[in-house]
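Right, one structure below, let's go through it.
For ligands, and for the atoms within them, numbers begin at 1 and follow the listed sequence. Keep in mind it's a predicted model, so treat the numbers as computed, not measured.
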Amino acid sequence: METPLKHVALILDGNGRWAKQRHLPRSDGHKEGAKRAFEIAQHAFQHWHIPFLTFYAFSTENWQRPKLEVSTIFRLLSMHLKKQRENFVKEKIRLHTLGDIAQLSSNLYATLMDIKQTTSQFTKYNLVLALNYGAREEVLRAIKLCTQVPSIIPSLDWNTFSRYLYTADIPDPDLVIRTSGEIRLSNYLCLQSAYSELYFTPTYWPDFNKEAFDLAIENYKKRERRFGNAE
Ligand code: FPP
């Protein structure tokens, strides 16, 4: 029986290679990639009615990139979020973030907090941005938070522990999509994706259009999910 699709998580990879292929600067790849992210979000909500969509927009490891590239990614995000603010409200889309966003620029942080607060009452559609996110950091943070409440430790189970992850209010992804031909999770939602279906496509992120998203969903629908049960 088909499991309802509640959450699709995406790794947007291949912006740099997309630009290189066209003899363009890497920033053009990110520019096109950011546009594509909002188009895919709109499509996932309006066409497929998927309640949660998560984008891996910036990892804890991405700080190692040249300063100019990091600031370009943040500038693009800031610009798109400001442009989309009205749309979040109109379409009743709630914005969430995963990761330590306080370390981002004060401008981007303020924009994120503003939209998160403004949309916090919405429930139907949820856009989740993993920003300065890494699964290993998330686990260590959760352990530190748990140990501040010693009474819960002896009978600690997954249900309780998962309340301390960034994803406390977000269902586990049913499907994780990674573009650009790389076949790995790269520190993305490692615990939450324990039972996720994985989909890898060679398409670079800026070329990942609605039709490519539809193909991934159709492929997911054919999968048989057993969650460790027998047939
Ligand atoms: C991966 O491509 C992409 C990133 C690390 C950044 C993605 C972020 C954006 C496009 C900014 C906006 C995001 C959203 C969700 C609106 P890469 O640079 O690793 O590509 P490469 O592996 O080909 O070099």
Side-chain angles (χ1 to χ4, degrees), residues 7-45 50 52-88 91 93-99 101 103-105 107-109 111-112 114-116 119 125-135 137 166 170 173 176-189 200-210 212-213:
H7 182 183
V8 177
L10 295 105
I11 304 177
L12 326 177
D13 197 10
N15 291 348
R17 278 163 287 169
W18 180 91
K20 195 172 174 194
Q21 227 178 27
R22 287 162 177 76
H23 309 288
L24 296 168
R26 287 178 65 81
S27 57
D28 282 13
H30 293 315
K31 209 162 134 188
E32 210 50 38
K35 271 202 295 197
R36 190 69 64 237
F38 286 99
E39 279 168 26
I40 292 293
Q42 184 96 336
H43 181 61
F45 295 142
I50 296 167
F52 285 86
L53 198 74
T54 300
F55 290 122
Y56 204 2
F58 194 83
S59 75
T60 43
E61 288 70 36
N62 286 153
W63 291 106
Q64 294 163 35
R65 294 188 177 209
K67 267 199 174 121
L68 184 61
E69 181 167 350
V70 171
S71 63
T72 300
I73 292 173
F74 291 157
R75 189 175 45 75
L76 282 167
L77 250 172
S78 217
M79 184 191 84
H80 279 280
L81 285 168
K82 282 179 186 150
K83 229 168 74 181
Q84 291 285 331
R85 190 186 187 282
E86 225 175 279
N87 199 45
F88 277 101
E91 305 285 336
I93 299 165
R94 179 172 177 186
L95 179 71
H96 307 250
T97 55
L98 312 177
I101 60 166
Q103 280 181 35
L104 305 176
S105 73
N107 185 326
L108 179 54
Y109 177 77
T111 306
L112 288 164
D114 165 45
I115 303 179
K116 276 169 67 156
T119 62
Y125 295 124
N126 298 270
L127 182 68
V128 187
L129 296 180
L131 265 173
N132 192 21
Y133 170 86
E137 187 273 331
Y166 287 122
I170 296 170
V176 177
I177 298 173
R178 182 174 191 147
T179 58
S180 93
E182 310 294 350
I183 305 184
R184 55 177 172 265
L185 285 178
S186 301
N187 208 11
Y188 186 46
L189 301 172
F200 299 98
T201 168
T203 306
Y204 293 148
W205 174 253
D207 287 330
F208 191 80
N209 56 16
K210 291 180 199 171
F213 185 81

closest protein heavy atom to atom 6 (C) of ligand 1 is Ala57 O, 3.6 Å

Decide whether the shortest distance between a heavy atom of Lys31 and an atom of ligand 1 is less than 4.0 Å. no

Look at the aromatic rings of Phe88 and Phe38 and report parallel, tilted or perpendicular, splitting at 30° and 60°.
perpendicular

Among Ile73, Leu127, Val128, closest by heavy atom to atom 9 (C) of ligand 1 is Ile73

State if Trp205 counts as touching ligand 1 under the rule of any non-hydrogen atom under 4.0 Å. no

Rounded to the nearest 0.5 Å, the CG atom of Leu95 sits from the CG atom of Leu112 at a distance of 6.5 Å

Heavy-atom side-chain contact between Glu32 and Trp18 under 4.5 Å = yes

Within the 4.0 Å heavy-atom cut-off, what His80 brings close to ligand 1 is neither

- Query: So is Leu76 in contact with ligand 1, going by heavy-atom distances below 4.0 Å?
  - Reply: no

Sub-4.0 Å heavy-atom approach of Gly14 to ligand 1: yes

- Task: Hey, can you tell me if His43 and Phe213 have their rings parallel, tilted or perpendicular (30° and 60° cut-offs)?
- Result: perpendicular

Among non-hydrogen protein atoms, atom 19 (O) of ligand 1 lies closest to Arg65 NH2, 2.8 Å

- Can His30 be said to touch ligand 1, with heavy atoms closer than 4.0 Å? yes

When distances are taken from atom 1 (C) of ligand 1, the protein heavy atom at minimum range is Leu12 O, 2.9 Å

Checking heavy atoms under 4.0 Å, the part of Phe38 that sits near ligand 1 is side chain

Query raised in the report: Using 30° and 60° as the class limits, which term best fits the ring planes of His7 and Phe52: parallel, tilted or perpendicular?
Result: tilted

Nearest non-hydrogen protein atom to atom 10 (C) of ligand 1, with distance, is Asn15 ND2, 3.4 Å

side-chain hydrogen bond (donor to acceptor under 3.5 Å, both in side chains) between Arg178 and Ser186, worked out: CA-CA 10 Å; Arg178 182 174 191 147; Ser186 301; 2.8 Å; yes

Can you find an N/O atom of Arg17 closer than 3.5 Å to an N/O atom of ligand 1? yes

Asp13 to ligand 1: N or O pair under 3.5 Å?
yes

Would Leu77 count as a polar contact of ligand 1, with the cut-off being nitrogen or oxygen pairs under 3.5 Å? no

